[in-house]
Amino acid sequence: MYLIDYHTHSHNSFDGYISVDRIVSRAVELGIRELAVTDHYECSDLRTPMAYDFEKSEGEIVEARKKYGDKIKLLYGVELGQMHFEPELCKLFCARNRFDFVIGSVHNLKNDLDLYFVEYDAENSKSLFDEYLSELYALAANADYDVLGHITYPLRYIKRDGQAIDLNDWAGRLDEILKAVIDRGRGIEVNTSGLGGLLGDTMPPFSLIKRYRELGGEIITAGSDAHKRAHVGSGIEEALKMIREAGFEYITTFEQRKPSFVKIEE
Ligand SMILES: [Zn+2]
Ligand SMILES: [Zn+2]
């Protein structure tokens with residue numbers, strides 16, 4: 001199976017711990033063929049002095065390419081939060097850094113409300129999930145991303161706080177988001193970071209991966225969202241099997257933000 005991990009964080013992310021070299025050496029050990037380092041940048045930070053050192057990140061990637069380039073294809077990527085809040089600045093930022101791959105994610109709502117730090121109860125779970133979908137739609141329909149990151153992201157924290165959401169109640173809204181992605185020639189990722197934990201599922205779950213395919217979706221990647229060495233490549237084989245089961249014959253890879261398609265083998 002052609003394994004890819006298109007979502008990892010190095011110590012150049014505010015919440016990462018490991019050097020690019022440590023991520024890549026682990027990926028090589030696991031036989032991963034393509035790896036994207038996608039350090040965080042929240043677009044609301046773009047107006048403030050650089051919070052993260054992308055020059056250092058790129059430098060580490062250049063070094064790792066020299067060391068491991070014959071064993072693995074390495075992409076210089078980024079995970080941009082709330083791109084739709086600052087579309088012009090994000091465009092300039094991406095052009096300046098010449099990323100291979102850009103994940104567009106929603107981590108925060110307006111007024112800097114961070115979905116991770118909320119305490120969810122029966123009432124706010126629904127309204128905040130609703131608000132999350134509105135922001136995700138705005139991002140999907142307007143921003144210059146390659147794939148949408150971890151669709152259904154708040155579910156893991158809603159579950160953490162003992163609450164539940166029935167995605168069927170939001171089927172129409174989710175369709176709108178997936179259609180915007182497809183109409184604009186973009187894609188989604190299958191994020192495996194919830195598989196081993198409390199959520200016990202991918203983001204998005206299988207039902208939405210399948211729905212995305214039914215609506216005509218073609219561009220799809222898989223990523224572990226590893227912030228630690230032990231999580232690199234975690235759950236990727238399972239995700240690729242799910243993607244195939246949902247009706248995709250190909251996984252998508254990127255270079256200089258251009259998609260290509262690689263057959264998902266048994
Ligand atoms: Zn994220
Ligand atoms: Zn991430």
Side-chain angles (χ1 to χ4, degrees), residues 4-18 20 22-24 26-27 32 35-46 51-52 54 57 61 75-86 90 93-94 97 99-109 112-118 128-129 132-133 135-136 138-140 143 145-160 177 181 186-199 201-205 208 220-236 239 254:
I4 65 166
D5 189 343
Y6 262 49
H7 192 151
T8 60
H9 295 280
S10 78
H11 54 187
N12 298 309
S13 277
F14 69 92
D15 57 353
Y17 309 92
I18 40 172
V20 169
R22 301 258 302 149
I23 298 174
V24 180
R26 179 65 183 147
I32 290 170
L35 178 112
V37 178
T38 54
D39 281 316
H40 280 295
Y41 206 86
E42 299 306 290
C43 291
S44 27
D45 291 343
L46 285 176
Y52 314 115
F54 279 93
S57 191
I61 291 200
L75 284 85
Y76 180 40
V78 69
E79 180 181 12
L80 289 175
Q82 300 81 242
M83 298 179 85
H84 59 300
F85 288 178
E86 296 282 2
C90 275
F93 178 72
C94 286
N97 285 286
F99 295 114
D100 288 306
F101 178 62
V102 175
I103 302 173
S105 296
V106 172
H107 301 122
N108 299 345
L109 302 179
D112 272 341
L113 180 73
D114 189 323
L115 290 160
Y116 172 83
F117 289 110
V118 173
L128 288 170
F129 191 71
Y132 163 76
L133 291 183
E135 297 303 340
L136 193 62
L139 192 153
Y145 58 93
D146 296 319
V147 301
L148 271 196
H150 46 58
I151 298 174
T152 67
Y153 172 75
L155 288 190
R156 70 193 299 175
Y157 306 120
I158 289 172
K159 195 164 178 189
R160 171 197 68 195
I177 293 165
V181 168
R186 315 291 164 128
I188 68 168
E189 73 160 0
V190 176
N191 186 302
T192 62
S193 63
L195 266 180
L198 182 67
L199 183 66
D201 207 346
T202 52
M203 293 178 286
L208 279 186
I220 191 159
T221 60
S224 65
D225 210 347
H227 290 68
K228 295 177 180 167
R229 193 170 193 267
H231 295 161
V232 173
S234 178
I236 294 294
F254 282 83

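Note that ligands are numbered from 1 as they come in the structure, with each ligand's atoms numbered from 1 the same way. Any value given below was found using the heavy atoms of this structure, including those in side chains, with hydrogens, waters and symmetry copies removed. A quick note: this is a predicted structure, and the numbers were derived from the prediction, not measured.
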- Query: Given Ser105, which of Glu42, Gln82, Glu79 fulfils the side chain to side chain donor-acceptor pair (under 3.5 Å) condition?
  - Reply: Glu79
- Query: Any donor-acceptor pair under 3.5 Å linking the side chain of Asp201 with the backbone of Met203?
  - Reply: no
- Message: My understanding is that only residues two or more places apart in sequence, or in another chain, count here; which of them pass salt bridge (charged side-chain N to carboxylate O under 4.0 Å, His left out) with Arg156?
- Response: none
- Message: Listing by chain and number, which protein N, O or S atoms are under 2.8 Å from the Zn ion (ligand 1)?
- Response: Glu79 OE2, His107 NE2, His150 NE2
- Item | Test side-chain hydrogen bond (donor to acceptor under 3.5 Å, both in side chains) applied to His84 - qualifying residues, sequence neighbours left out | Glu135
- Message: I'd like to know if the side chain of Asn97 and the backbone of Phe99 have a donor-acceptor N/O pair within less than 3.5 Å.
- Response: no
- Message: Test of understanding: with ring pair (Phe, Tyr, Trp, His ring centres under 6.0 Å), list the residues that count as partners of Tyr17, not counting sequence neighbours.
- Response: none
